[in-house]
Each structure stands twice: as structure tokens, then as C-alpha cells.
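Have a look at the structure below before the remarks.
FYI, side chains are in, hydrogens and waters are out, and symmetry mates aren't considered; it's all heavy atoms of this structure.
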Amino acid sequence: MKRRLYYLLPDTSHAEKLVEDLGDTTISKQDVHAVAKDSTHLNGIEDVHGLTENDRDYFVEWFLWRINLALFFVALIAFVAILIWSPGVWLILPLAIMLGTFISGLIFVLRLPNVHLNEFLPALQHGEVLLMIDVPPSDVEKMDHHVHQKHPEVVTGGVCWHV
């Protein structure tokens with residue numbers, strides 16, 4: 001799983017210059033994405049989205065979170081039912097499922113970075129450009145330093161997981 005770095009730039013010319021400067025790094029063109037107000041074409045960026053497009057990572061997170069909660073509560077109901085009608089060794093199964101869903105949710109909340117496109121809507125509506133760069137987790141700090149060293153006008157928007 002990669003990390004997606006979010007950078008806000010004042011306009012399209014700054015975004016194009018930043019992408020041009022990424023040419024001397026190991027970042028490939030398919031790892032660079034952008035969101036602009038009217039999804040205009042940006043030189044050097046093949047994947048430009050408009051404001052009206054859906055955030056796929058947000059949907060995946062929303063869907064998996066709901067499944068995790070549903071599984072927890074189904075296991076809780078099964079635990080109570082087994083406890084009432086025939087307590088025994090079968091109580092371990094719903095307890096294990098509840099513990100597994102709880103721990104996976106806790107790890108997700110505490111360990112995975114979380115930023116979504118809707119947090120940038122006000123800036124994007126004012127004409128700024130959101131540049132997203134996918135990097136391995138070990139390269140996040142190095143890439144952030146590289147971007148800020150060459151482009152001090154960039155505003156860091158955060159880091160998120162990306163599939």
C-alpha cells in the first residue's frame with residue numbers, strides 16, 4: 001500500500017513546474033494525479049480530475065468501515081444469543097470475531113493516515129490545484145523535503161493511504 005501526498009498549489013503553472021521538477025526523482029507519471037476546478041489539461045500530468053468526480057479511496061474506506069461495524073454487531077448478537085440459549089465453548093467464536101474487528105478498526109484509526117478530497121474543496125473552488133503524488137511509505141519524508149526545497153509556495157495538505 002502506497003502513501004498519497006497532497007499538495008496545494010496556487011495555480012496550474014506552479015503545478016506544471018512541480019511535475020516537471022519531479023522528473024529527476026524516481027516518481028513515474030502514473031503516480032502523479034491532480035484535481036483542478038474545471039479539470040483543465042495540465043502539461044506533464046495524465047490523470048487530472050474535476051471537482052465533481054468521486055473520491056474512490058473515501059468510498060473504499062467508507063465501505064470497509066461499515067462492513068467491519070456490521071460484522072462486529074452481528075457477532076455481538078450471536079454472542080448474546082449463544083449466551084442465553086446454550087452457553088459453552090461456542091461463545092469463543094463470536095468473541096474472537098468481535099476482538100478481530102475491534103483490533104482491525106483500532107489499527108486503522110491509529111496507524112493509517114487519513115485525508116480525503118472533500119477537505120480541499122474550498123481551496124479548489126478558488127482555483128487552486130491539488131497535486132497528489134503516490135510514493136512508498138519509506139519515501140514520504142524524502143519526497144516532502146524535495147518538494148518543499150524546490151517549491152516553497154506549496155502547501156502540504158497531508159498524507160493518506162492509497163491502494
> In terms of heavy-atom contacts, does CZ of Phe108 have more than 12 from other residues, nucleotides or ligands at under 6.0 Å?
Replying inline: yes
>> Hydrophobic clusters here meaning ILVMFWY residues chained together by side-chain heavy-atom distances under 4.5 Å, can you tell me if Trp90 and Ile97 are in one?
In response: no
> Are side-chain heavy atoms of Met132 and Leu130 found at a separation under 4.5 Å?
Replying inline: yes
>> For a quick check under 3.5 Å, do His146 and Asp21 share a side-chain donor-acceptor pair by atom type?
In response: no
> Is the closest side-chain heavy-atom distance between Ile82 and Pro87 below 4.5 Å?
Replying inline: no
> Could you state the interatomic distance from CG (Leu64) to OG (Ser104), rounded to the nearest 0.5 Å?
Replying inline: 9.5 Å
> So do Val129 and Val35 actually touch side chain to side chain, heavy atoms under 4.5 Å?
Replying inline: no
> After noting the C-alpha distance and the side-chain angles of Leu5 and Met143, does the key distance pass the side-chain contact (heavy atoms from CB on, under 4.5 Å) rule?
Replying inline: CA-CA 9 Å; Leu5 305 176; Met143 179 56 64; 3.6 Å; yes
>> Within the structure provided, determine whether Asp31 and Val135 are in side-chain contact (heavy-atom separation under 4.5 Å).
In response: no
> OG of Ser86 to CG of Leu91: how many Å apart, nearest 0.5 Å?
Replying inline: 7.5 Å
> OH of Tyr58 to CD of Glu119: how many Å apart, nearest 0.5 Å?
Replying inline: 10.5 Å
> Would you say Lys17 and Lys150 make side-chain contact, with heavy atoms under 4.5 Å?
Replying inline: no
> Under 4.5 Å between side-chain heavy atoms, hopping through other hydrophobics if needed: is there a path connecting Ile92 to Val74?
Replying inline: no
> Do His151 and Glu153 have side-chain atoms, one donor and one acceptor, less than 3.5 Å apart?
Replying inline: yes
>> Go through it in stages, so that I can follow the logic: the residues are Leu99 and Leu95, the test is side-chain contact (heavy atoms from CB on, under 4.5 Å), and I'd like the CA-CA distance, side-chain angles, deciding distance and then a yes or no.
In response: CA-CA 6 Å; Leu99 185 64; Leu95 276 176; over 6 Å; no
>> To the closest 0.5 Å, what do you measure between CD (Glu61) and SG (Cys160)?
In response: 6.5 Å
>> Using 0.5 Å steps for rounding, measure from the CG atom of Asp134 to the CZ atom of Arg4.
In response: 4.0 Å
>> Could you walk me through whether Val154 and His14 satisfy the side-chain contact (heavy atoms from CB on, under 4.5 Å) test, starting with their C-alpha distance in whole Å, then the side-chain angles of each, then the deciding distance to 0.1 Å, before giving a yes or no?
In response: CA-CA 9 Å; Val154 170; His14 284 90; over 6 Å; no
> Are Tyr6 and Leu131 close enough, and set up right, to give a side-chain contact (heavy atoms from CB on, under 4.5 Å), and what steps lead you there?
Replying inline: CA-CA 6 Å; Tyr6 292 87; Leu131 195 67; over 6 Å; no
> Shared ILVMFWY cluster between Ile77 and Met98, side chains joined below 4.5 angstrom?
Replying inline: no
>> Determine whether the aromatic ring centres of residues Phe72 and Phe102 are separated by less than 6.0 angstrom.
In response: no
> Is the count of non-hydrogen atoms from other residues, nucleotides or ligands lying under 6.0 Å from Arg66 atom CZ greater than 12?
Replying inline: yes
>> Could you check whether any side-chain N or O of Asn68 sits under 3.5 Å from a backbone N or O of Thr101, counting only pairs where one atom can act as donor and the other as acceptor?
In response: yes
>> Is there a path of hydrophobic side-chain contacts, each under 4.5 Å between heavy atoms, that joins Leu117 and Val155?
In response: yes
>> In this structure, would Leu71 and Leu76 fall into the same cluster of hydrophobic residues linked by side-chain contacts under 4.5 Å?
In response: no
